[in-house]
Protein chains: 2
Amino acid sequence: MSDGLPPQMGQSLLFLTDEQLRKGIEAMFFAYRGFTADPDRILMQKSYGRAHHRAIHFIHRSPGTTVNNLLSILGVTKQSLNRVLRTLIEDGLVASTVGQRDKRERHLHLTDAGAALERELSDAQRDRMRAAYRAAGPNAVAGFRQVLEAMMDEETRHHYEAMKDRME
Amino acid sequence: MSDGLPPQMGQSLLFLTDEQLRKGIEAMFFAYRGFTADPDRILMQKSYGRAHHRAIHFIHRSPGTTVNNLLSILGVTKQSLNRVLRTLIEDGLVASTVGQRDKRERHLHLTDAGAALERELSDAQRDRMRAAYRAAGPNAVAGFRQVLEAMMDEETRHHYEAMKDRME
DNA sequence: CTTGGAATGTCAACAAAGCTGACGTATTGT
DNA sequence: ACAATACGTCAGCTTTGTTGACATTCCAAG
């Protein structure tokens with residue numbers, strides 16, 4: 001794309017005023033609250049938190065993933081993840097099985113109960129996302145994704161893109 | 001730009017597959033981490049957290065705002081906000097003045113030191129936002145904002161739009 | 001005018017979930 | 001044999017959310 005110094009600066013630089021950027025920042029803040037609001041309500045009833053949701057989401061996305069892998073995706077410490085994972089295993093939502101190839105590893109799967117909760121949570125979150133997508137239209141959705149991808153850290157983007165093309 | 005969308009599907013409704021929605025959900029999660037990463041680094045050095053950043057941001061945006069008003073924007077309890085506000089006042093970054101009309105109210109302003117920190121934080125955050133905007137282009141930015149606005153709660157959107165048209 | 005209730009803000013105590021550091025155990029690979 | 005890896009756990013700290021109790025101030029009904 002452009003390097004930010006095109007000959008006609010009028011259109012391309014004007015939209016990058018501090019006010020425009022501030023609006024973008026606030027839009028991220030407010031939208032993220034809406035984004036998490038629906039799952040949060042469900043989780044509160046079950047005495048879980050966002051950390052549980054994240055663990056469930058990524059175990060669902062990558063069944064059989066190891067603790068270490070989950071750690072690097074979530075970007076938290078193992079102590080922090082372990083607390084969450086322990087309650088999920090105790091409650092029978094997540095199954096931890098010793099690795100075949102490497103017996104030090106634990107492979108994580110959702111149980112039926114875990115998959116049920118995952119569906120309940122992601123249904124709620126997808127409903128809002130779907131409504132927002134429909135309201136904004138396909139063109140806006142493409143732009144939405146482009147800006148979000150550009151906003152990620154390098155390393156983070158790798159985790160994101162790893163599963164990007166899983167659909168056929 | 002391989003967004004996983006078959007070309008002829010772009011304008012239809014079929015683009016709302018669960019996979020597409022899941023990618024949008026993960027994009028929000030990963031992008032929000034990038035979005036807060038730079039300010040977080042600055043805040044950590046000064047022993048502040050994200051809550052301090054939010055308070056400083058919205059006091060800067062609406063000088064003279066009351067505690068109650070800030071409360072409804074941030075969506076937290078007053079006790080939680082108060083803790084953050086107290087340290088900011090003690091450290092001389094925020095000034096709290098008793099209201100003229102109603103002496104129960106406290107009007108909040110940034111001091112010079114507070115404005116300096118605000119600028120440092122928002123410069124860092126704007127740099128990333130600006131880079132993402134430039135990489136994605138003006139068209140994508142419009143879509144980005146449209147989707148985010150559609151994702152907000154009704155009540156939240158009111159706070160957002162209250163300051164939307166401050167620019168000309 | 002008084003007085004009781006609503007509104008605003010503060011203090012105290014507690015919980016969720018992140019962090020660091022240290023340590024133990026099983027397993028792998030050199 | 002031994003160092004490194006993967007995982008779990010204990011202890012303790014921080015940030016930031018919560019509820020409950022309380023002081024101050026305003027306003028309106030009696």
Side-chain angles (χ1 to χ4, degrees), chain A residues 29 32-33 36-37 39-59 64-91 94-109, chain B residues 29 32-33 36-37 39-59 64-91 94-109:
Chain A
F29 171 66
Y32 198 78
R33 261 215 319 236
T36 57
D40 280 355
R41 265 188 291 275
I42 297 170
L43 290 158
M44 202 185 335
Q45 293 172 351
K46 307 195 189 300
S47 299
Y48 290 135
R50 247 176 243 181
H52 300 83
H53 185 189
R54 292 196 285 264
I56 288 173
H57 174 99
F58 284 104
I59 291 172
T65 186
T66 64
V67 174
N68 243 358
N69 185 34
L70 207 49
L71 241 43
S72 78
I73 291 175
L74 295 177
V76 297
T77 60
K78 64 175 175 180
Q79 294 90 331
S80 192
L81 174 60
N82 187 258
R83 189 193 307 123
V84 167
L85 229 39
R86 189 167 48 210
T87 73
L88 291 175
I89 292 171
E90 282 172 2
D91 295 352
V94 168
S96 166
T97 64
V98 174
Q100 298 287 350
R101 202 194 63 204
D102 186 334
K103 290 177 188 164
R104 293 170 303 180
E105 295 179 340
R106 303 297 140 88
H107 297 280
L108 303 170
H109 296 268
Chain B
F29 170 67
Y32 199 78
R33 265 216 315 237
T36 57
D40 280 355
R41 266 188 289 276
I42 296 171
L43 290 158
M44 201 186 333
Q45 294 172 351
K46 307 194 190 300
S47 299
Y48 290 135
R50 248 177 242 181
H52 301 83
H53 185 187
R54 292 196 284 265
I56 288 173
H57 175 99
F58 285 104
I59 292 172
T65 187
T66 65
V67 173
N68 235 4
N69 184 34
L70 208 48
L71 240 45
S72 76
I73 292 175
L74 295 177
V76 296
T77 59
K78 58 184 176 175
Q79 296 87 334
S80 189
L81 175 60
N82 187 259
R83 190 194 307 114
V84 167
L85 231 37
R86 190 168 50 212
T87 72
L88 290 176
I89 291 170
E90 281 170 3
D91 295 352
V94 168
S96 165
T97 62
V98 174
Q100 300 286 348
R101 204 193 61 206
D102 187 334
K103 288 178 187 166
R104 293 171 301 181
E105 296 180 341
R106 300 297 137 90
H107 296 280
L108 304 170
H109 294 267

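Protein chains get the first letters and strands the later ones, always in sequence-line order, with residue 1 at the start of each.
- Nucleic acid contact class of B/G75 (heavy atoms, under 4.0 Å, all strands): none.
- OP1 or OP2 of C/dT8 sits under 4.0 Å from a side-chain N or O of B/N68.
- Following rounding to the nearest Å, A/K78 (NZ) and C/dG24 (C1') show an atom-to-atom distance of 10 Å.
- Distances shown here put every side-chain N or O of A/S80 at or beyond 4.0 Å from the OP1 or OP2 atom of C/dA17.
- Phosphate proximity of C/dG18 to A/T77: absent, as no side-chain N or O sits under 4.0 Å from OP1 or OP2.
- With B/L108 as the fixed residue, the side-chain contact (heavy atoms from CB on, under 4.5 Å) test singles out one of B/T97, B/L85, B/L88: B/L85.
- Contact annotation: B/H52 reaches the phosphate of D/dT16 (side-chain N/O to OP1 or OP2, under 4.0 Å).
- In this structure, A/R50 atom CZ and C/dA16 atom C1' are separated by 12 Å, rounded to whole Å.
- Nearest-nucleotide mapping onto DNA chain C: of B/S96 and A/G49, the residue sitting toward the 5' end is B/S96.
- One atom, NE2 of B/H107, and another, P of D/dT25, lie 14 Å apart when rounded to the nearest Å.
- Here the P atom of nucleotide D/dC26 and the CD atom of B/E105 are 10 Å apart, to the nearest Å.
- Among the heavy atoms of the strands lying under 4.0 Å from B/R86 are primed sugar atoms or P, OP1, OP2 only; no base atom is included.
- Judged by distance alone, with hydrogens and angles left aside, the side-chain atoms of A/R33 form a donor-acceptor pair with the main-chain N or O of B/L74 at under 3.5 Å.
- Between A/Y48 and A/H52, the two ring planes are tilted [angle within 30° to 60°].
- B/K103 comes within 4.0 angstrom of sugar-phosphate atoms only, judged by non-hydrogen atoms across all strands, and of no base.
- The CG atom of B/D40 sits 12 Å away from the C1' atom of D/dT15 (whole-angstrom rounding).
- Ring-plane geometry between A/F58 and B/F29 is classed as tilted, the angle between the planes lying from 30 to 60 degrees on a 0 to 90 degree scale.
- The distance from atom CG of A/L81 to atom C1' of C/dT20 is 16 Å, rounded to the nearest whole Å.
- Residue A/R104 places its side chain closer to C/dA26 than to any other of C/dA26, D/dG8, C/dG9.
- If you take CG of B/L43 and P of D/dT14, they are 17 Å apart, rounded to a whole angstrom.
- In this structure, B/R54 reaches the D/dG17 phosphate: one of its side-chain N or O atoms is under 4.0 Å from OP1 or OP2.
- Distances from the side chain of A/N82 to the nucleotides D/dA6, D/dT9, C/dG9 place D/dT9 closest.
- The distance from atom CZ of B/R83 to atom P of D/dT15 is 10 Å, rounded to the nearest whole Å.
- With B/R106 as the fixed residue, the side-chain contact (heavy atoms from CB on, under 4.5 Å) test singles out one of B/T65, B/L70, B/V98, B/N68: B/V98.
- At a cut-off of 3.5 angstrom, counting only N and O atoms as typed in the model, there is a donor on one side and an acceptor on the other between the side-chain of A/Q79 and the base of C/dG21.
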